[in-house]
Colleague: 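Quick one: the structure is below, questions incoming.
Here the structure is a predicted model, which is why all the values come from computation and not from measurement. By convention in this document, chain letters (A, B, ...) are assigned in the order of the sequence lines, proteins followed by strands, and residues within each chain are numbered from 1.
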Amino acid sequence: MSELKRTAQCGSLRAANIGEEVVLSGWVNRRRDHGGLIFVDLRDRSGLVQVVFNQELSAEALKVAESIRGEFVLTIRGQVIGRVPEAVNPRMATGEVEVVCSEIEILNTARTPVFDSADGIHVDENVRLKHRYLDLRRPEMQQNMILRHRVTMAMRQFLDSRDFLEIETPMLTRSTPEGARDYLVPSRVNPGHFFALPQSPQIYKQMLMVSGMERYFQIARCFRDEDLRADRQPEFTQLDMEMSFVDREDVRRLIEELMQHVFLESLGRKLPDSFPIITYQDAMDRYGSDRPDLRFGMELVTIGDLMENTGFQVFSSVLQKGGQIKGINARGCAGYSRRDIDSLMEVTSTYGAKGLAWIAFTGEEIKSPIRKFLSEEEMEAIRQRLDAQDGDLLLFVADTPKVVAAALGALRIELAHRLDLIDPDELNFAWVVDFPLFEYDPAEKRYVAIHHMFTAPHPEDLELLDSDPLQVRAQAYDLILNGIELGGGSIRIHRSDLQQKVFDLVGLTREEAREKFGFMLDAFQFGAPPHGGVAFGLDRMIMLMRNRESIRDVIAFPKTQSASDLMMDAPGTVDDRQLQELFIRLNLPAAQKG
RNA sequence: GGCCCCGUGGUGUAGGGGUUAACACGUCGGCCUGUCACGCCGAAGAUCGUCGGUUCAAAUCCGAUCGGGGUCGCCA
């Protein structure tokens, strides 16, 4: 090993260190060779510092420095000196000083890097993922990992101070009905039987409550075998928590304090004392989303009641079928071209809207393809309802409530981006509460739990379980940040009879319920305390804190959209022996054989 | 499963039927004692993701396929 032992961090050197002798270790970020004088920007996790190799000071070190290249790994000894005023580099944190090298050791050479270890590079994600170890050398990516670490440390610190226990739950567990597709793991010693990787530690943490652990948390890896997105990976991390003897307010209050602590400790950001609460119904009505971005207005406004007697066929037929007509006011957009509006239409059609009606108040005239179908009075009523001023563009969707909400909700977000209505520095937290417990799945002709089957119904709505299950509100709460769902939770069912009732409602037969959840129904009969909890998507949270557009940037080794790891080349095939041991025979479609 | 975008030296891009496949960065060699995206001189490096088709001629047009990304469905 090297005889030179590191004594300082490159990025930490300042004018105060002038005169010190230091030993630095790191990577060659850049080399500038002037002949008898060579500058090397040496990089470690802390940052960069300029190292000088000088003919006069150490001809020997200079000679070695001539051979070094980008990304070589060095240890150098040298003296920190101040730069003359003209040579100060104000763009560098260490720009007031430099290190004059007296001794150098090359710890390792490096092949020509595939791409530069600098920020702001535009390299195909393909290439970045294949050489992830190089991508993670970039300061930007290092900062992502560092923040992630700080956040999880702050979480642990806070939860420990509030008497939570960090308890690990199994990764090898059992496939359960409902929810996402499971990742399966065959069991060698139980031929034909499979473990499932957990989609969340939900049931285990509830069992821990029955066990009297009272307060649990875990920074838990979760697995879901579904299609990926910018904010969805097949394995992801949740801060998972559960508490006994709490109600919704207790949970909300604790989470607010947790977030305040975490954002202050890791980002130095002070959050409001409490977060606003919006009901699910309100969120859907006003923003067309159960995770509304509240950083801007542009609320959805209904005009259905104004169109009850309209002669406009499209509107009247939608109303007859029980649909809705809603609109938003895109302020100042009356000048939008046909092409602009077409592109908005593309947004709404993605969500199933068959059309996008519009009215532009240009100031001189009212431009609209539906003007000829509407009476003067209707036009004026619409104008007043949406508070349309000269220069405004009104946009309408008429369809089922689901399509109207999805289409206009998405249009609202799209317009906010186009109109630059969003302050990128804002951190807008809000709670969404009073979700329905169930929705009806017409394809399967049964009720489906919106949150999950263990969510407790609102106590006021208990009788409705028998008469009108769709009207039952859940004791659930989602926390949203800037229009993205950070996490959610609920007060859980802790009584066996109520849990059985919910199983019945979602169409589980008594036999299935017994087979899959018998232990749970039993456990609830042995003194289960009332309990509730929450789970947060850690990846999404870090993504938002770092202003990234994909959680891949805050996960050290993420998967591609086709759920593969380009660096490891996983998943891979296994040899026949392994399959035989597991009693598994492949049955691949013809195209994939051989 | 559907729709959309992308694939050209190591990296980022240009080129849209006939080009010596262009440019920047990087790389290699030479020169250089105050640079910090160092500079100057010179050089190497690409059968244009893959397969097939159209054509006298394909990086370019068509089809398929593979890979990456976005999104709807799916997923909480």
Colleague: Under a 3.5 Å cutoff, is there a donor and acceptor pairing between the side chains of A/R77 and A/S58?
Modeller: no
Colleague: May I ask you to say what A/R31 touches in the nucleic acid, namely base, sugar-phosphate or nothing, with a heavy-atom cut-off under 4.0 Å?
Modeller: nothing
Colleague: Under 4.0 Å from OP1 or OP2 of B/U35: is there any side-chain N or O of A/Q50 that close?
Modeller: no
Colleague: Starting at the 5' end of RNA chain B and moving along, which residue's nearest nucleotide shows up first, A/E226 or A/E98?
Modeller: A/E98
Colleague: It should be established whether A/R229 places a side-chain nitrogen or oxygen under 4.0 Å from OP1 or OP2 of nucleotide B/C75.
Modeller: no
Colleague: Going by centres under 5.5 angstrom and planes under 30 degrees, do the aromatic ring of A/F39 and the base ring of B/U35 stack?
Modeller: yes
Colleague: With a 6.0 Å cut-off on the ring centroids, do A/Y477 and A/F275 count as close?
Modeller: no
Colleague: Taking only N and O in the side chain of A/S550, is any of them less than 4.0 Å away from OP1 or OP2 of B/G69?
Modeller: no
Colleague: Can you find a side chain N or O atom of A/Q199 that sits less than 4.0 Å from OP1 or OP2 on B/C75?
Modeller: no
Colleague: With sequence neighbours excluded, tell me which residues meet side chain to side chain donor-acceptor pair (under 3.5 Å) with A/Q499.
Modeller: none
Colleague: By a strict heavy-atom criterion of less than 4.0 Å, which residues belonging to residues 341-356 of chain A are in contact with RNA chain B?
Modeller: A/T350, A/Y351
Colleague: Would you say the base of B/U35 stacks on A/H34 (centre-to-centre below 5.5 Å, plane angle below 30°)?
Modeller: no
Colleague: Does B/C36 have OP1 or OP2 under 4.0 Å away from a side-chain N or O of A/R43?
Modeller: no
Colleague: Once rounded to the nearest 0.5 Å, what's the spacing between atom CZ of A/R137 and atom CZ of A/R43?
Modeller: 6.5 Å
